[in-house]
Amino acid sequence: MSYVLSAVDTTGIQNYIFGSNRLREHVGASELVLRATNEWIWETLKQEGLRINWQLGQQPRDDSKSIEKDNLDAEVIYAAGGNALILFKDADMARKWARCLSKKALTEAPGLTLLIAHSASFDWQPEDMDLREHVEELFSERLTQLKRTRVPSTPLLGLGVTATCQSTGLVATKVDNKDNIRISREVVAKVGILEEAKKRFRTLLHDYQELDLEPPVQLDDLNPNKGERSYIAVVHADGNGIGERFQTVWKGKTNRAGIKAVRHLSDTLGNVASEALQQALSGLITNNATSPLIDPYKKVFPVRPLIYGGDDLTIVCDGRIGIGLAARYLHEFEQRSIQMGEKLTAAAGVAIVKTHYPFARAYALSEELSKNAKRLSRAFSTLDWHVAMSGVLASIADIRRREYQDSALAMRPVYLQNVPTEKATEQWRTWRNVEDIINNFLKDEAWAGKRNKIKQLREVLRKSEDAVEQFRTVYQTGELPGYKTLPRLYTGGWLDNHCGYFDPIELLDLYVAPFSSTEEKENRWLPTN
């Protein structure tokens, strides 16, 4: 019997989700993307009357059914993380289901572009080892070709008598009473799904139910400060080598064993990311109405995940907790993957920007920072960040060349924690050290409350190690805080052409440690190795 593989992917997601500066639209778009590549897969298979291996919502999940033994019409190999892979009994079923899913996306998520590619028909033998070749050909050739040759949609932007949507520029179909602006069908779909998105988000907030905090619906909700002190952070985290893992998981396995292995990897990755995010959010705020992260009048939780469920994570939050939250997520992601038998690492980029900074640009910046962190290492979790004090549009490399003396002033990107290497540079350039130095500047008797003195140190750091030592002599500060095993750093501030103090000083006014209690601060959440 001939079988067919079908793959579902998305394209243009960044523009679809982050194309406006309205958080409500980001949240709704994210929910639609998540549904289109997960719930809708199962719903449309059921709608077509196909016998499948598992029903959405079935608990406990039963993965024992297989297409070759149980007379199934289709078997979902995986549907998570923004794409799906399905094995059909014949090509007609695959094409009929694809039309059904496409129609659902067109009607319920206008503007979202789904790509569905089908393999050539092949004979299915569960004990053979050829399914891997069909999967690789489907993704690397057919789906890639579909992305390259796809003709972009060119919607009619309206006639002279039509009004335009104030978010998308498309034809407006109604007025959003919440913000009193004209919106298109695409935006109507996004805001129409908000209640369902809120329900999904509340499952992440089980630790905060008693505080009765609401999910944020506007970017202004994320930071209780106003004006010049109002910053948000866009965090983008991405797993290292996940694509390669999915490609190599089939190696040396029969077709049926390969399906089980890739399904297990997909489930493990989803569970690891979900639990890591939950744990990162857990304990973020104490049961204290005076928390600096909470507006006592609005009672809004200062974090909103936008993309989550696979190895990719994008969240927007109060600018003061973005880096700490990203670091905590990376740690939890790594630790939970080890517990589940899959050693995984990730990289994160954090863009800290003014509340009304163009959101699409902030997201692009966080993505660029994440890629920059990956260049440091893929074997270990890494972190990079940038504070955008202005609206200058330039690459991170250009900005650091101009503002940080070709990155020499910056420690960034950094390792999450100490790494097993003999290079001194790689041993001390860690987020743990940055955080420790920030805390020392804020609490050490020689520095606490002396911002002018710290600012002068920052300017002296631009010069040389000798200038730093002269500064310490004049101010009688003794050693600089931190780096107790590296004398050149705590006396001169520099080591291996990198400054160890400029980054922590820059973050002094933009950092709140994401801990819930003194005990948790004492125990730390990073290893001490």
Side-chain angles (χ1 to χ4, degrees), residues 229 292 320-321 323-324 327 352 383-387 389 400 403-419 421-515 517-529:
R229 299 180 60 196
R320 298 167 296 174
I321 59 175
I323 305 175
I352 302 174
L383 178 64
D384 198 0
W385 66 89
H386 179 69
V387 181
M389 296 293 186
R400 289 181 178 166
E403 298 180 10
Y404 298 94
Q405 299 177 6
D406 282 331
S407 297
L409 276 172
M411 296 167 63
R412 298 163 277 170
V414 299
Y415 292 94
L416 182 64
Q417 59 200 39
N418 293 351
V419 296
T421 175
E422 296 178 358
K423 295 181 180 179
T425 303
E426 295 182 352
Q427 281 288 346
W428 65 270
R429 288 174 59 191
T430 68
W431 170 248
R432 173 70 179 273
N433 281 334
V434 174
E435 190 179 42
D436 281 344
I437 293 168
I438 291 173
N439 288 328
N440 274 306
F441 275 130
L442 292 174
K443 299 175 183 178
D444 190 279
E445 188 175 327
W447 300 97
K450 301 175 182 179
R451 292 305 174 91
N452 287 335
K453 177 179 172 182
I454 295 174
K455 288 179 180 178
Q456 288 182 349
L457 173 60
R458 182 179 62 185
E459 296 309 310
V460 170
L461 287 166
R462 291 180 178 274
K463 299 177 181 179
S464 66
E465 292 183 48
D466 290 340
V468 173
E469 293 188 15
Q470 291 174 9
F471 172 88
R472 293 194 303 106
T473 301
V474 170
Y475 281 92
Q476 298 181 346
T477 63
E479 299 169 353
L480 298 177
Y483 305 119
K484 295 305 180 184
T485 61
L486 297 170
R488 282 190 62 188
L489 270 170
Y490 62 68
T491 58
W494 286 74
L495 180 63
D496 295 334
N497 295 318
H498 280 277
C499 181
Y501 291 90
F502 201 88
D503 279 346
I505 291 174
E506 186 178 65
L507 292 177
L508 281 179
D509 295 324
L510 288 168
Y511 179 71
V512 174
F515 295 108
S517 65
T518 303
E519 291 75 18
E520 193 172 353
K521 289 182 184 179
E522 299 274 337
N523 295 333
R524 309 299 302 224
W525 49 268
L526 288 177
T528 56
N529 61 310

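Since the structure is predicted, the reported quantities are computational estimates derived from the model, not experimental observations.
- Remark: side-chain polar atoms of D503 are paired, donor with acceptor, to backbone N or O of R412 under 3.5 angstrom.
- Looking only at distances, no side-chain donor or acceptor of H386 sits under 3.5 Å from a matching main-chain atom of I352.
- Environment of CD in E445: sparse, with no more than 12 heavy atoms of neighbouring residues, nucleotides or ligands closer than 6.0 Å.
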Next item on the list: Show the numbers, then the answer: is there a side chain to side chain contact (heavy atoms under 4.5 Å, CB included) between L489 and L480?
Entry: CA-CA 8 Å; L489 270 170; L480 298 177; over 6 Å; no
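- Remark: side-chain polar atoms of W431 are not paired, donor with acceptor, to backbone N or O of G324 under 3.5 angstrom.
- Residue K453 places its NZ atom among more than 12 non-hydrogen atoms of other residues, nucleotides or ligands, all under 6.0 Å distant.
- Atom-to-atom distance recorded for T491:OG1 and E465:CD is 7.0 Å, nearest 0.5 angstrom.
- W385 and L383 get closest at one heavy-atom pair: CE3-CG, 4.2 Å.
- Looking at R472, its side chain does come within 3.5 Å of a backbone N or O of G478 through a donor-acceptor pair.
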Item checked: CA sep, side-chain torsions, deciding dist, call: W428, Y490, ring-ring contact (aromatic ring centres under 6.0 Å, His included) -> CA-CA 12 Å; W428 65 270; Y490 62 68; over 10 Å; no
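- For W447, the ring-ring contact (aromatic ring centres under 6.0 Å, His included) criterion is met by F441, not counting sequence neighbours.
- A salt bridge does not link R429 to D496: none of the charged side-chain nitrogens sits closer than 4.0 Å to a carboxylate oxygen.
- With values rounded to the nearest 0.5 angstrom, Y501 atom OH is found 12.5 Å from I454 atom CD1.
- L461 has its side chain out of reach of F471: every pair of non-hydrogen atoms, C-beta onward, lies at least 4.5 Å apart.
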